[in-house]
There are 2 protein chains.
Amino acid sequence: MPNAKPAKVVAIGESVGPQVYRILRERIIQAELLPGERLSESDAAKSLSVSRQPVREAFIKLSEEGLVQVLPQRGTFVTKISVASVMDVRFVREAIEADIVRLVAEGHAPETIAELRRQLAEQRKVPHDDRAAFLRLDELFHHTLAAAAGKAYAWSVIESVKAQMDRVRFLSVDDLHIGRLIEQHERIVDGIAAGDKAAAEEAIRLHLREILTSLPEIARSRAELFDDTE
Amino acid sequence: MPNAKPAKVVAIGESVGPQVYRILRERIIQAELLPGERLSESDAAKSLSVSRQPVREAFIKLSEEGLVQVLPQRGTFVTKISVASVMDVRFVREAIEADIVRLVAEGHAPETIAELRRQLAEQRKVPHDDRAAFLRLDELFHHTLAAAAGKAYAWSVIESVKAQMDRVRFLSVDDLHIGRLIEQHERIVDGIAAGDKAAAEEAIRLHLREILTSLPEIARSRAELFDDTE
DNA sequence: AATGCTTGACTTGTATGGTAGTAGGTTAGT
DNA sequence: ACTAACCTACTACCATACAAGTCAAGCATT
């Protein structure tokens with residue numbers, strides 16, 4: 001059902017504001033709403049069959065995440081992707097996840113290692129052209145690491161921050177080097193299994209720097225989606 | 001002017017919502033609004049001479065920060081301080097600042113080191129009973145490190161997260177061990193000046209773990225402000 | 001023809017009305 | 001006297017009305 005606008009998009013059981021937020025957030029990350037595109041509280045409200053108020057709350061939250069820019073009395077626009085912003089959130093993410101992995105390696109709990117290896121097997125099964133599927137598994141992998149370290153809150157911080165990175169990953173046109181990414185995952189798990197904190201930390205730092213290799217090329221080939229003038 | 005409620009608290013030039021947010025945030029952090037206390041959109045709106053709408057937006061943002069808890073159709077309450085939450089944000093902060101300090105040590109720019117040493121001198125001048133003054137300088141010190149590393153965004157993440165820690169620091173009844181904290185600052189700067197990344201990193205990690213030593217005692221002596229049942 | 005002003009259709013920001021749901025006190029029933 | 005149902009006074013949530021500012025198009029004036 002392509003672009004069908006349901007009469008009532010929102011479901012019961014949760015406030016409308018957060019629902020609108022998630023819907024719009026997803027659309028921006030998946031480049032369904034393009035950088036530079038103009039949004040409007042009223043338009044979004046109409047198309048989602050809610051009032052302006054929850055939409056406004058969603059806009060505010062999106063603007064705090066840097067996904068939209070609200071200009072009073074002028075309009076609300078989907079922010080262009082900024083190489084600098086992506087590198088900023090990447091830095092924060094690397095710092096947090098590095099410490100998380102150290103903790104996991106310190107514990108090197110057998111059930112955690114088993115779970116991670118199970119996930120690695122699943123990742124290898126993903127067809128190389130099914131980007132969305134792999135991204136889901138990658139997300140799960142990192143989330144599992146955080147959970148294993150008992151750092152649910154730290155993961156929530158990462159989640160609230162990494163939208164900028166996710167936008168870029170959705171643009172990767174080529175095969176995403178899935179094989180290489182899985183190899184990096186393996187090194188992380190190996191380090192954890194060996195209880196080698198330093199090795200595991202170094203592995204995830206390298207893994208999270210992977211985006212830096214593809215970022216310039218993506219920014220060049222899809223320049224219209226990016227802000228940085230270069 | 002003690003507790004005078006001005007007719008119009010808000011100023012021009014900025015939207016009301018964020019202003020209300022900052023006012024309430026400050027009051028919560030400084031324990032002017034006590035954990036467990038009930039807030040109300042209408043009450044806060046009346047006392048600030050604004051409408052309920054901006055107050056609502058402020059409540060939402062405060063709840064995302066974990067400073068209040070919004071219970072639909074029931075009320076909004078200042079969250080009790082939670083030892084677990086404090087440790088959660090502390091972990092995130094340590095992870096980020098550790099990497100920041102590594103960067104600063106790598107650069108070991110002379111003007112940065114000079115500025116930091118200047119701040120150390122100021123910190124030593126603070127009377128041992130002027131907690132607020134030292135906290136301001138401490139804040140400035142850490143902010144300066146982030147700025148020197150060119151990580152303004154990372155600092156903004158820390159700021160949006162560290163409110164839980166600040167609440168505790170405001171409760172420290174004793175002399176806050178100002179002398180010890182300044183010593184730790186000195187070790188950080190020494191590591192940076194020597195270009196010794198590992199030493200600087202270890203120094204700031206120890207520094208940020210300092211709160212762990214006083215936290216249990218504070219939680220015990222001010223148990224009514226804390227959530228954790230122990 | 002070119003320039004300046006007005007006007008109107010937008011935008012977000014703020015205020016207020018209406019609704020569903022909760023909680024506690026009160027009253028009726030046993 | 002005790003229990004249980006009701007009723008009132010709240011709450012946050014959503015919808016709508018109003019205000020203030022922006023911008024562009026088009027008309028009037030020069």
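Within every chain, numbering begins at 1; the chains are lettered A, B, ... in the order of the sequence lines, protein sequences first and strands thereafter.
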- Message: Tell me every residue that passes side chain to side chain contact (heavy atoms under 4.5 Å, CB included) with A:Arg209, counting only those two or more places apart in sequence or in another chain.
- Response: A:Arg90, A:Glu94, A:Arg205, A:Leu212

- Please check the phosphate of D:dA15 (OP1 and OP2 only) for any side-chain N or O of A:Ser51 closer than 4.0 Å. yes

- Task: Would you mind reading off the distance between A:Arg52 atom CZ and D:dC18 atom P, rounded to a whole angstrom?
- Result: 14 Å

- Message: Tell me every residue that passes side-chain hydrogen bond (donor to acceptor under 3.5 Å, both in side chains) with A:Arg25, counting only those two or more places apart in sequence or in another chain.
- Response: A:Tyr21, A:Glu65

- Starting at CD of B:Glu57 and ending at C1' of D:dC14, how long is that distance when rounded to a whole Å? 14 Å

- Just how far, in rounded Å, is P of D:dC14 from CD of A:Glu14? 10 Å

- Using a cut-off of strictly less than 4.0 Å between a heavy atom of the residue and any atom of DNA chain C, enumerate the qualifying residues of residues 62-79 of chain A by number. A:Val70, A:Leu71, A:Pro72, A:Gln73, A:Arg74, A:Gly75, A:Thr76

- Contacts of A:Glu159 meeting salt bridge (Lys or Arg N to Asp or Glu O under 4.0 Å) (sequence neighbours excluded), chain-then-number -> none

- Item | All pairs passing salt bridge (Lys or Arg N to Asp or Glu O under 4.0 Å) where residues 71-88 of chain A contributes a residue, at least two apart | none

- What are the residues of residues 35-43 of chain A, sorted by number, that bring a heavy atom to within less than 4.0 Å of DNA chain D? none

- Message: Strictly below 4.0 Å: does B:Arg56 bring a side-chain N or O up to OP1 or OP2 of D:dC13?
- Response: yes

- Query: Who are the side chain to side chain contact (heavy atoms under 4.5 Å, CB included) partners of B:Ser85, not counting sequence neighbours?
  - Reply: B:Ser82

- Quickly work out the B:Gln53 CD to D:dC18 P distance and round it to whole Å. 17 Å

- Query: What is the minimum heavy-atom distance between A:His142 and A:Leu208, and which atoms define it?
  - Reply: CE1-CD2, 4.1 Å

- Message: Looking at A:Glu106 and A:Arg102, is any side-chain nitrogen of the basic one under 4.0 Å from a carboxylate oxygen of the acidic one?
- Response: no

- Send over the distance from A:Tyr21 OH to D:dC14 P, rounded to a whole Å. 16 Å

- Query: Who passes side chain to side chain contact (heavy atoms under 4.5 Å, CB included) against A:Leu34, sequence neighbours left out?
  - Reply: A:Ala31, A:Glu37, A:Leu225

- salt bridge (Lys or Arg N to Asp or Glu O under 4.0 Å) partners for B:Arg22, two or more places apart: B:Glu14

- To the nearest angstrom, the NZ-C1' distance between A:Lys46 and C:dT11 comes to 13 Å

